[in-house]
Structures are given as structure tokens and as C-alpha cells.
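What you are looking at is a predicted structure, and each value in this text was computed from that prediction instead of being measured. Index from 1, following the sequence. In what follows, every heavy atom counts, from backbone to side chain, and hydrogens, waters and symmetry copies are set aside.
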Amino acid sequence: MKTNMLNRRRLVKGLGAAAIALPFVNLLQPQRIQAAGVAKRVIFFYFPDGVPGPSQNGDPSKFHATGSETNFQLPEVLAPLVPFQNDCVFFRGLSMGSTDAGSHPGGAKKLLTAVDGGNGESIDHYLARTVGASAPYRHLYLGAMANQNNASGDKHISYPSAGQSITPEDNPRRAFDNLFGSIAGGGTTPQVDADKATIIDNVIGDVETLRTQLGAIEKSKLDLHLESLREVEKRIKGGGVIPVATCDKPTLDTAAFTDGELYRDDKFPSILRSQIDLMVLAMACGLTKVGVIQGSVHTSELIMSRFPATELYTPNFDMRSHQASHYGASHDYGKAEFKAFVQQRTWWVGQFAYLLDELKKRPEDGGTMLDNSIVVLCSEVCDGNTHLHDDMPFILAGRGGGSISTGRLLQYSYERHGKLFVSIANAMGDGLSSFGDSSSGALPGLVG
């Protein structure tokens, strides 16, 4: 098995003394919500070309859950999420608005910005510069065949500023090396430069100032933080070491493809799987709190019938994602496009389920990483054939550190999806009150 290995010295250089100090900075920012349950991280998982939603002829959605808030059923396409049903919140009635409805590019622009025309910062970048600012890498944007044919502009869903998207990293090896570095063998326990101890000194001074403004209970909690911080300071000034505990020598399996095969359809499942593994690894190692995984692009030419060892595999027959999405006016399993579209969307949901499983099997703070995370499944349109921007196929997984009650179906007559992003920000400890073109406020009933 081919693996990439961590350069431990480079990792600590990336973390730096600032990363040691910054977890305490949130205590100095009064605009943040100080709740008992706060999500540690958020991941947005994108797939292209929508879902088999309500058809033009009135066939019911094959994607959306049905039933009541706590007694609901998952349809065929969501079958991979049955083991995670109690870890998720399913939605009906979330809309991206009427502007550019019927358009893949318009949907991609609005998807994470919640602004018509994409003329706004996307929620991932907002969170990266607020609650994610303490991480060594504020923002991690990974793709799988997301830059094929020099894709740019509205083909990408992450916007650091109004109207300007950025490019994800499609190569898992390069992304791993950028995050961790690589060496031929092991390494010594990393050292933190003594001159960075001044950062610790400064933070201790700020925290001491904050201490004078708190009540007895909060002072007690803060004293524990100060004790830990002073221990770090002593070890740095004394030439000691700061061990990298669970991320000693992380590896990433990239044996199934070469750098020259990044845009081969039959390699796509392996590439996407590596990017999912890398996202989980980076977050488990504390390198980032905000991530986006983009699988392909809207109006995707990805030939999913070439995926080996899957239900989709059909030798000598090419069925592209966008091709299958235009299945016609009815849900007709006798039509090759509709049958393939249902299989494709089920496959995508299966990849989301894999991400959830990887998070759920990692213990964290008495629970799991999934318990402390928010993970969002999304696409740029609802039904792939009509391209409508209503009843969008959002699914949220993870309990957000206790801020979100899962195992529910939340149904609305009409709510702008920007309110979902307000709720996510609130669950991460940010006091955001409105986002994008939505009216002010969070999504009713989600966080609390």
C-alpha cells in the first residue's frame, strides 16, 4: 500500500505557538455564543446535478424523507443513511429563492453564499474567518475531478468574496503534503521555538485581564485553562517538547491511482474516498475546523457507469451524471436514464454515509467526532430534470457538540436556506443573526 507520511517538524511549524494559544482567544470575544454544546467542526459535502425529487407529472420525491418529525421513513435513495438515521436531520421546504431558478450555474452560485448571483461570501469562508480562525488551516477545500477541463467560476461552490470563487485541490497526495509534509521515515519529537513563548506570555496577560471580569464559577474554569497554558509556557522556555499525540505518523492510502489518473472516471471512487479520508484526518489532527468536499461539478460529465465494483458499472455503456439527471417528466424505472439516476444518487448518499461512519468510529470527548461535528449534504438544484431551487436536498448530520437534536424530519412551508447557515454558525458558537438574502433569524427548531 502506498502511503504518505507526516513530517512532524513541519506539522508543528504549521501549528506554531499561535495555535496553542488561540483556543483561549474565543474567551476574549464577547460576540460569540458561550453555550454548553458547541460544534467543533463543519464539513460541507457537495454532489452535482440534484436528486430524483418531485417529478413534473407529480410523482413523489425519491429523495426526501416522509412522515412526522420523529416518526419518518427514508426513501430508496437514502437507504445508505438508515444506519445513521438517528444522527441526521432531514428537511423539507428549504428554498434558495426564485432568482436563477431552473439553472445549474445559478444554483451553484447561491448554494453556499445564499445570495442571488453568488454575490456574497460563502458560509464556509465566513466560518473559517470567525470560529475557524484558531486552526492552523482555516479552510480546507478538497475536490474530486472538480477542476476537470480547467473548470472555474460557477463550477466551484466556495466564495471567499462576492462573485469570486476559488479552486479546490483535486490531488489527494498534494493536499496531504500541503497539510502534513512527507518524509521517508520517522522523525524526532518536534520542538516549539522558544522565541514563540512571547505569544504565550501575551495571551496569558489577556486571559488574566478577562479573569477579573468573570464570576466565581467562570473564574474557576478559566483557572484550569491558565494552569495548562502556563505549563506549555514552561516547557517551551525550558527547551521542552510539545508532543503530537494521535497524529504521530498519519497515512493516506493513495495506491489505487496515480497523479496522471486524477481525471479518469473509473478512478473517481478511489479519489473521492481518499479526499474523504484526508478531510477526516485533518480534522482529527486539529488542523482545520471548516472543510468543503466537492465531488465533480454541476452539469457533470462524470461517466458514472464506469465505476468498477458498483451497481452503476455497465461495460460498453456510458451514462453521465448530467445525462441521467434529464430522465424526463416521470419516474419511470423502465427508462435507462431514470434507473441510472436513482442508482447514481444512491451512490452519492453512500459516500456521505462513509464520511459519517469515519467520523463516528473515532472517539472524542466521551462521544465520537460525529457527535461534535456538523456535516451537510448538498447539491445545486433539487430535482435534476426540472432544476428547481425549492425543496432543496439538504441533509445535516452530527449533533454539533450537543447543540442539535438529531433523528428528526423538519418540514417547513417555505424557508430560505440562509437560515440553515445561521443555525450552523450558532451551533458553532458564532452569534450570526442573518446570512445571505434570507430574512434575519435562524432556522426554526434546529438548534437549541
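Looking at every heavy atom in both residues, V297 comes nearest to A151 through CG1-CB, 4.4 Å. The two residues V77 and T346 come nearest to each other via the heavy atoms CA-OG1, 3.5 Å. The two residues D49 and S325 come nearest to each other via the heavy atoms O-CB, 3.8 Å. Among all heavy-atom pairs drawn from L410 and R408, the shortest one is CD2-NH1, 3.7 Å. G132 approaches V290 most closely through the heavy-atom pair CA-CG2, 4.5 Å. For F341 against V51, the heavy-atom pair with the smallest separation is CE2-C, 3.3 Å.
The closest donor-acceptor contact from the side chain of Q411 to the backbone of G67 lies under 3.5 Å. H417 contributes a side-chain N or O that, together with a main-chain N or O of L111, makes up a donor-acceptor pair within less than 3.5 Å. Under the 3.5 Å distance criterion, the side-chain polar atoms of Y412 are left unmatched by any main-chain donor or acceptor of F91. Using modelled atom types, no side-chain atom of R362 and backbone atom of T368 make a donor-acceptor pair closer than 3.5 Å. S305 places a side-chain N or O within donor-acceptor distance of the main-chain N or O of F317, the cut-off being under 3.5 Å. Between the T288 side chain and the Y137 main chain, a donor and an acceptor come within less than 3.5 Å of each other. At distances below 3.5 Å, at least one donor-acceptor pair connects side-chain atoms of N426 with backbone N or O atoms of D430. Under a 3.5 Å cut-off, the side chain of D391 and the backbone N or O of P393 do not form any donor-acceptor pair. The backbone N or O of G117 sits nowhere less than 3.5 Å from a side-chain atom of K110 that would complete a donor-acceptor pair. Under the 3.5 Å distance criterion, the side-chain polar atoms of S55 are matched with a main-chain donor or acceptor of A329.
Residues V375 and L355 form a side-chain contact, since some pair of their non-hydrogen atoms from C-beta on lies under 4.5 Å apart. Side chains of F63 and I395 form a contact here, defined as non-hydrogen atoms less than 4.5 Å apart. The closest side-chain heavy-atom distance from M304 to M319 is not below 4.5 Å. Considering only heavy atoms from C-beta on, R416 stays 4.5 Å or farther from M96 through its side chain. At a threshold of 4.5 Å between non-hydrogen side-chain atoms, the residues L94 and L420 count as touching. Within the 4.5 Å cutoff, side-chain heavy atoms of L356 are placed close to those of C88. Between M145 and L302, the closest side-chain pair of non-hydrogen atoms falls below 4.5 Å. Looking at heavy atoms from C-beta onward, P168 lies in side-chain contact with H156 at the 4.5 angstrom threshold.
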Derivation of the ring pair (Phe, Tyr, Trp, His ring centres under 6.0 Å) call for H322 and H298: CA-CA 8 Å; H322 189 225; H298 71 71; 8.6 Å; no
Worked verdict on Q275 versus M279 for side chain to side chain contact (heavy atoms under 4.5 Å, CB included): CA-CA 6 Å; Q275 295 289 49; M279 181 65 73; over 6 Å; no
Stepwise side chain to side chain contact (heavy atoms under 4.5 Å, CB included) check, D332 with Y327: CA-CA 8 Å; D332 181 3; Y327 59 82; over 6 Å; no
Step-by-step side chain to side chain contact (heavy atoms under 4.5 Å, CB included) determination, D390 to Y414: CA-CA 8 Å; D390 293 325; Y414 178 91; 4.1 Å; yes
E380 and K155: CA distance, side-chain angles, deciding distance, salt bridge (Lys or Arg N to Asp or Glu O under 4.0 Å) verdict: CA-CA 10 Å; E380 81 280 358; K155 291 288 187 178; over 6 Å; no
Residue pair M283, L140: steps toward the side chain to side chain contact (heavy atoms under 4.5 Å, CB included) verdict: CA-CA 10 Å; M283 291 196 164; L140 182 57; over 6 Å; no
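Atom CD of Q56 has more than 12 neighbouring heavy atoms from other residues, nucleotides or ligands inside a 6.0 Å radius. Taking a 6.0 Å sphere around CG of N150, one finds it holds 12 or fewer heavy atoms contributed by other residues, nucleotides or ligands. Residue-environment remark: CD (E311) stays at or below the threshold of 12 foreign heavy atoms within 6.0 Å.
For the pair R273 and Y354, the cation sits on the ring face: its NZ or CZ lies under 6.0 Å from the ring centre, inside 45° of the axis.
Remark: the Y159 side chain and the D154 side chain contain no N/O donor-acceptor pair separated by less than 3.5 Å. Under the 3.5 Å distance criterion, with hydrogens and angles disregarded, a donor-acceptor pair is assigned to the side chains of K289 and S134. The closest side-chain donor-acceptor pair between Y263 and D170 falls under 3.5 angstrom. In the model, R345 has a side-chain atom that pairs as donor or acceptor with a side-chain atom of S321 under 3.5 Å. When only modelled atom types and interatomic distance are considered, D116 and T99 share a side-chain donor-acceptor pair under 3.5 Å. A donor-acceptor contact closer than 3.5 angstrom links the side chains of H125 and S158. Side-chain contact annotation: D124 with S122, donor-acceptor N/O pair under 3.5 Å present. Side-chain contact, N57 with H331: no donor N or O sits under 3.5 Å from an acceptor N or O.
In this structure, OG in S330 is found 5.5 Å from CG in D59, a value given to the nearest 0.5 Å. Separating the CZ atom in F307 from the CG atom in D265 is a distance of 7.0 Å, to the nearest 0.5 Å. Separating the CG atom in D383 from the OG atom in S61 is a distance of 8.0 Å, to the nearest 0.5 Å. For the atom pair CG of L112 and OH of Y126, the computed distance is 15.5 Å after rounding to the nearest 0.5 Å. For the atom pair OG1 of T310 and CD of Q344, the computed distance is 10.0 Å after rounding to the nearest 0.5 Å. One distance of note links CG of L127 with CG of L432; it measures 8.0 Å at 0.5 Å rounding.
For the pair K109 and D100, the salt-bridge criterion is not met [side-chain N within less than 4.0 Å of a carboxylate O]. Between R399 and D371 there is a salt bridge, since at least one side-chain N of the basic residue sits less than 4.0 Å from a carboxylate O of the acidic one. We find that K40 and E364 are not joined by a salt bridge, their nearest charged nitrogen and carboxylate oxygen being 4.0 Å or further apart. At a threshold of 4.0 Å, the pair R320-E301 counts as salt-bridged, since one of the basic side-chain nitrogens sits closer than that to a carboxylate oxygen.
Applying the ring pair (Phe, Tyr, Trp, His ring centres under 6.0 Å) rule to F72 yields the partners F90; only residues at least two apart in sequence or on another chain are considered.
Ring-plane geometry between F268 and W347 is classed as tilted, the angle between the planes lying from 30 to 60 degrees on a 0 to 90 degree scale. Under the 30°/60° scheme for interplanar angles, the aromatic rings of F338 and Y333 are found to stand perpendicular.
The only member of D266, T314, D318 that meets side-chain hydrogen bond (donor to acceptor under 3.5 Å, both in side chains) when paired with R306 is D318.
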